[in-house]
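As structure tokens, the structure follows; a few thoughts come after it.
Fair warning: this is a prediction, and the values are worked out from it, not measured in the lab.
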Amino acid sequence: MKDRVTTRAGGLGPPLSPGGQAASRPSVIQLVFREKGALYAAYIPVFTDGGLFVPTTREYKLGEDIYLLLSLPDDPQRFPVAGKVAWITPPNASGGRTQGVGVRFPNDEKSRQLKIRIEEVLGTSISSSKPTQTL
């Protein structure tokens, strides 16, 4: 998937609180889908408001906030999504699954529009039986 999906974590690390401890702040990941097949493999239609699998080696906890800057195939627009980690695929997962996290989109109008847009891009392939990186 590396040649069809690009991920890049942003930021210089978490800011420090007055006590010198790392303050929690959502990480920012740019997720660029160059091909419809890569988007299909990452899309999570079982989440009511939509979601995506994000390949990453960074460790996350369930429920952790994660901010995505999403680019869809053949679409110049970037979609910001403030999601939450809904599942974790650990390193060396069975079946050769890619390490990463499943990000659940928030329950808001922007996410509903993004889910509709993703499903428009995927078209009839959304009902395919081809394996994905998701549930």
Side-chain angles (χ1 to χ4, degrees):
M1 250 186 13
K2 287 187 185 224
D3 57 329
R4 297 173 300 212
V5 178
T6 304
T7 60
R8 190 170 89 218
L12 300 172
L16 296 180
S17 67
Q21 304 240 347
S24 76
R25 183 171 85 182
S27 62
V28 178
I29 296 179
Q30 292 184 48
L31 194 57
V32 179
F33 290 96
R34 291 186 174 82
E35 297 177 4
K36 186 165 77 169
L39 179 61
Y40 167 80
Y43 181 57
I44 309 169
V46 297
F47 290 161
T48 304
D49 300 302
L52 288 169
F53 174 79
V54 178
T56 180
T57 56
R58 179 175 165 185
E59 290 189 25
Y60 286 92
K61 293 183 172 102
L62 289 176
E64 190 171 340
D65 291 329
I66 188 166
Y67 192 80
L68 302 178
L69 290 173
L70 175 63
S71 296
L72 300 176
D74 302 320
D75 190 336
Q77 182 176 355
R78 287 194 342 179
F79 301 91
V81 179
K84 290 201 179 284
V85 174
W87 101 73
I88 299 167
T89 302
N92 304 314
S94 64
R97 299 181 77 78
T98 302
Q99 180 180 356
V101 294
V103 177
R104 179 176 40 86
F105 294 168
N107 181 3
D108 62 21
E109 186 56 31
K110 281 177 31 176
S111 293
R112 280 187 280 283
Q113 293 303 316
L114 177 56
K115 181 178 181 178
I116 290 168
R117 178 70 187 113
I118 289 171
E119 290 178 356
E120 285 173 351
V121 169
L122 293 176
T124 57
S125 68
I126 200 165
S127 58
S128 171
S129 62
K130 288 185 354 189
T132 70
Q133 292 292 333
T134 69
L135 303 170

Starting from the C-alpha separation in whole Å, work towards a yes-or-no answer on side chain to side chain contact (heavy atoms under 4.5 Å, CB included) for Arg117 and Asp75.
CA-CA 10 Å; Arg117 178 70 187 113; Asp75 190 336; 3.3 Å; yes
Could you go through the side chain to side chain contact (heavy atoms under 4.5 Å, CB included) check for Tyr43 and Leu52 one step at a time?
CA-CA 5 Å; Tyr43 181 57; Leu52 288 169; 4.3 Å; yes
Who are the salt bridge (Lys or Arg N to Asp or Glu O under 4.0 Å) partners of Lys84, not counting sequence neighbours?
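Lys84 satisfies salt bridge (Lys or Arg N to Asp or Glu O under 4.0 Å) with Asp65 only.
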Distance in Å, [X] [atom1] paired with [Y] [atom2], rounded so as to fall on 0.5 Å steps:
X     : Y     : atom1 : atom2 : result
Asp74 : Arg34 : CG    : CZ    : 12.0 Å
Phe53 : Leu31 : CZ    : CG    : 10.0 Å
Leu72 : Lys36 : CG    : NZ    : 12.5 Å

Do [X] and [Y] come close enough that some side-chain heavy atom pair is under 4.5 Å?
X     : Y      : answer
Ile29 : Arg58  : no
Glu35 : Pro73  : no
Glu64 : Ser27  : no
Asp49 : Leu114 : no

Keeping Lys115 on the side-chain end and Thr48 on the backbone end, is there a donor-acceptor pair under 3.5 Å?
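Side chain of Lys115 to backbone of Thr48: a pair is present.
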Looking only at heavy atoms, what is the nearest atom pair of Val103 and Gly83, with distance?
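Taking Val103 first and Gly83 second, the nearest heavy atoms are CG1-CA, 3.9 Å.
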Residues in side chain to side chain donor-acceptor pair (under 3.5 Å) with Glu109, at least two apart?
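Here the qualifying residues are Arg112, Gln113.
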Name of the residue among Thr56, Thr57, Thr89 meeting side chain to side chain contact (heavy atoms under 4.5 Å, CB included) with Gln99
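Passing option: Thr57.
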Hydrophobic cluster identity match, Phe105 and Ile116, side-chain contacts under 4.5 Å
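Different hydrophobic clusters.
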